There are 2 protein chains.
Amino acid sequence: MTTPPGPAGHSRPAGTNLAGLRDHNAALVLGLLRAAPQGGSRVELATRTGLTPQAIGKITARLLAEGMIVEAGQAASTGGKPRTLLRLRAEAACAVGVHLERDELTVLLVDLAGRHHHVHTEPVDRAVTPAEAVRLITARIGRAAADLPAGARLLGAGVGCRGPLDHAAGVLHWFTPPGTRDPAGWDRYPLRDELAARLDGLPVVVDKDTNTAALAEAPAIPRPVGGLAYVHLAAGLGAGLLLDGALHRGTRTNAGEFGHQTVQIDGPPCDCGNQGCLEVLCLAELRRGDHAAAARLLGVGVANLVRLLDIDRVVLGGRAVLSAPQVYLAGVTAQIEARIPDPDWQPVPVSVSTAGRLAVAVGAAELVLGPLFGRRT
Amino acid sequence: MTTPPGPAGHSRPAGTNLAGLRDHNAALVLGLLRAAPQGGSRVELATRTGLTPQAIGKITARLLAEGMIVEAGQAASTGGKPRTLLRLRAEAACAVGVHLERDELTVLLVDLAGRHHHVHTEPVDRAVTPAEAVRLITARIGRAAADLPAGARLLGAGVGCRGPLDHAAGVLHWFTPPGTRDPAGWDRYPLRDELAARLDGLPVVVDKDTNTAALAEAPAIPRPVGGLAYVHLAAGLGAGLLLDGALHRGTRTNAGEFGHQTVQIDGPPCDCGNQGCLEVLCLAELRRGDHAAAARLLGVGVANLVRLLDIDRVVLGGRAVLSAPQVYLAGVTAQIEARIPDPDWQPVPVSVSTAGRLAVAVGAAELVLGPLFGRRT
DNA sequence: CCAGTTAAACAACACTGTTTCCTAAGTGCA
DNA sequence: TGCACTTAGGAAACAGTGTTGTTTAACTGG
């Protein structure tokens, strides 16, 4: 047992004490109640968690006292005393979701039930410096906080933006090509810590836009999700992977490089140095305005993804997809069906991101809300 | 909160009580000690787990009393009382690893330190029925158990075999093509339960060969592993994915369908119904005896995998690879370097499975041993 | 030899879920 | 209406976890 292995800071302690045990079980209960907007009973919570009814009684009593949940009527009797229903108190706490794009900033406020209490989008100068962006975001979060429901706690802020970046450190890696400059100074910018410092230590989490967009779909899905893939087609082509209920980021937060998979060996060269990348082919069709052809190509990549990871559900998003959703739905579905004829694979549902253009910001808020409901980070 | 979501039996309770807390922390301690063959001190365990020295004292006292660990000398003093070193007691427990191939059966016995106490390989008739195979495996496990070190507990048996199969249920899905027959009755055979019944309720776990082979590499790697991919080239082409310290199987245990990714749109047709599959191209080169060309193709697929999942380490295995390891190492490494020139990606080490032909069986034993050391299943 | 330092155990404690028992609040039938 | 039955949920005592505060053990260095 010598020094800690791997990159520094990567082996956070995992020992659990009584406080951790309590929080784990409370999060489990809250997560189950989130999945049941109409409410759930103590008895169901006990069977679903595997805890004794008495333990659930204590946990729910604590959550009631803290104002995280409320009693909400009764269920129909099944021959004895009717069950008391418990519901999440949506306005008990909120999280901020931020989507920082090249030319646009979106800030919104989401409560425990996923309702939006504040949504604001504004254009941003493409030449903005990191410091200016941080000032802008801070100001916008301040305004959003003014819309907090009475008594609601503000849990933190999640930020989604393009990669590459280091999620664990909260640092951007917006390389500029060698030879050129990065006058604004975005590369190696410690976005998380700079934001947290200006927000009075409010917890801040930074992640790739594709990752947060994938998370935006998570609350609607009963746990555990075997595999959900969010595929984003806009100026680039990327993916967010929600595997076994948690985002898969990889040690360098580089997972999801969906666009640079080779689908045509010895195909046309790509800026990334590779050749025959899906992205090159797909963007070429987009420039031609041929969404159907782009969708077909996208479908080839999605089919690869689905097979490789045994994906249960595919969600499409990004400006290109949102501009012609039906075309992409049909094209991707057709490729999946054509390329995965195996009967053992249940039909893999493909849908378009329900949050639409807000998907990244909504998912960014979920970065903060998720752990409260027991999602692994 | 209506009925349990998803396929039945998939949402196992996750509530934790004191016993679970104790086991979790004990597993954490055992895992840390496994990664330190020369021994580790209580103080280090405390800092690494985040638990108090006192808690570690109680946990190690329990483990000492149970015979799971032993004191093993002292570390050099750093100015005060020297630390007492603790080591795993390798012979405290063992697990059986089984590799069931079409024409061969391998059974081995692995102790807590990963040492093999029994290794046996024998040919098997390709037309063997499931019942005969179960009898054979049972008999072989009986002989292996005779080689158990004195006082060692037998924790269970892991079985690795070709897919598709259902890991959660322990049932094989060895479909036969429509029209043909499955005279031996392998399809839908409940291998896990049949084995467990004949082994007096000994815990049995069944998984795909590629998954267990990936697991075979895990003990040597300091946790947490961001992403390890085991790529297997023999009669087919598959992969096992070890993501964030746990195998990623997908809900249908179908993850790892590496061979059927499309790398040549409109390429030659594949038996699977798709066209341009990596496997078709790769096996064609193999039949031609051109390992270098096969390696190049393999490298294309591996580069896709590495980028998509931010893989940290690639392990190659399977009969084809083992027949010309250097060719595959060089070919795959070259493709990774050529197709992922991004400087942000640290060089991704590629190696050949250290366990060689025993990889699947060794990893099958790890299916049983892993949870003891805190690996998520 | 002794102060200083570090490791590890002892004892009392806080707090978790569990067990056991009891009360509350319905249903259904006579 | 009465009463047995069923089911939900709380009260109290309990077992066992890691924590806190204190003490003892063992080695270094002047």
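Each chain gets a letter, A, B and so on, in the order its sequence line appears, and its residues count up from 1. Basis for what follows: all heavy atoms, side chains included, without hydrogens, waters or symmetry-related copies. No experiment lies behind these values; they were computed from the predicted model shown.
If you check distances only, the side chain of Gln54(B) does reach the base of dA9(C) with a donor-acceptor pair under 3.5 Å.
Residue contacts for Ile56(B): at a heavy-atom cut-off of 4.0 Å it reaches no nucleic acid atom on any strand shown. Here Pro82(A) lies in heavy-atom contact (under 4.0 Å) with sugar-phosphate atoms only. Residue Glu71(B) is classed as having no contact, given no heavy-atom separation below 4.0 Å to the nucleic acid.
Separating the CG atom of Asn25(A) from the P atom of dC15(C) is a distance of 17 Å, rounded to the nearest angstrom. For the pair Ile59(A) CD1 and dG17(C) C1', the computed distance is 8 Å after rounding to whole Å. To the nearest angstrom, P of dA9(C) lies 7 Å from NZ of Lys81(B). A straight line from CG of Leu28(A) to P of dG17(C) spans 11 Å, rounded to a whole angstrom. Between the P atom of dA25(C) and the CZ atom of Arg42(A) lies a distance of 13 Å, rounded to the nearest Å. At whole-Å resolution of the value, CZ in Arg62(A) and P in dG17(C) are 5 Å apart. Rounded to whole Å, atom P of dG17(C) lies 8 Å from atom CG of Leu18(A). The separation between Lys58(A) atom NZ and dA14(C) atom P is 15 Å, rounded to whole Å.
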Which atom pairs, one a donor and one an acceptor, fall under 3.5 Å between side chains of residues 24-34 of chain B and the rest of the protein, sequence neighbours left out?
{"from": "His24(B)", "atom 1": "NE2", "to": "Ala14(A)", "atom 2": "O", "distance (Å)": "3.0"}
{"from": "His24(B)", "atom 1": "NE2", "to": "Thr16(A)", "atom 2": "OG1", "distance (Å)": "3.3"}
{"from": "Asn25(B)", "atom 1": "OD1", "to": "Thr16(A)", "atom 2": "N", "distance (Å)": "2.9"}
{"from": "Asn25(B)", "atom 1": "ND2", "to": "Thr16(A)", "atom 2": "O", "distance (Å)": "2.7"}
{"from": "Arg34(B)", "atom 1": "NH1", "to": "Glu366(B)", "atom 2": "OE1", "distance (Å)": "3.1"}
{"from": "Arg34(B)", "atom 1": "NH2", "to": "Glu366(B)", "atom 2": "OE2", "distance (Å)": "2.9"}

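For Thr52(A) and dG17(C), the shortest distance from a side-chain N or O to OP1 or OP2 is not below 4.0 Å.
Shown here is Arg22(A), whose CZ atom has more than 12 heavy atoms of other residues, nucleotides or ligands within 6.0 Å.
With respect to Asp244(B) and Arg249(A), no salt bridge is recorded, no charged nitrogen being found less than 4.0 Å from a carboxylate O. With salt bridges taken as basic N to acidic carboxylate O contacts below 4.0 Å, one links Glu71(B) and Arg42(B).
Shown here for Thr253(A) and Asp310(B), the closest heavy-atom pair between the two residues is N-OD2, 3.4 Å. Contact detail for Leu243(A) and His248(A): the closest heavy-atom pair is CD1-CB, 3.8 Å.
Between Ala26(A) and Thr78(A), the one whose closest nucleotide on DNA chain C sits nearer the 5' end is Ala26(A). Positionally, the nearest nucleotide of DNA chain D for Val43(A) lies more toward the 5' end than for the other of Thr16(A) and Val43(A).
Where DNA chain D meets chain A (any atom under 4.0 Å from a heavy atom), the bounding nucleotides read 5' to 3' are dT6(D) to dT19(D).
Under a 3.5 Å cut-off, the side chain of Asp166(A) and the backbone N or O of Ala168(A) do form a donor-acceptor pair.
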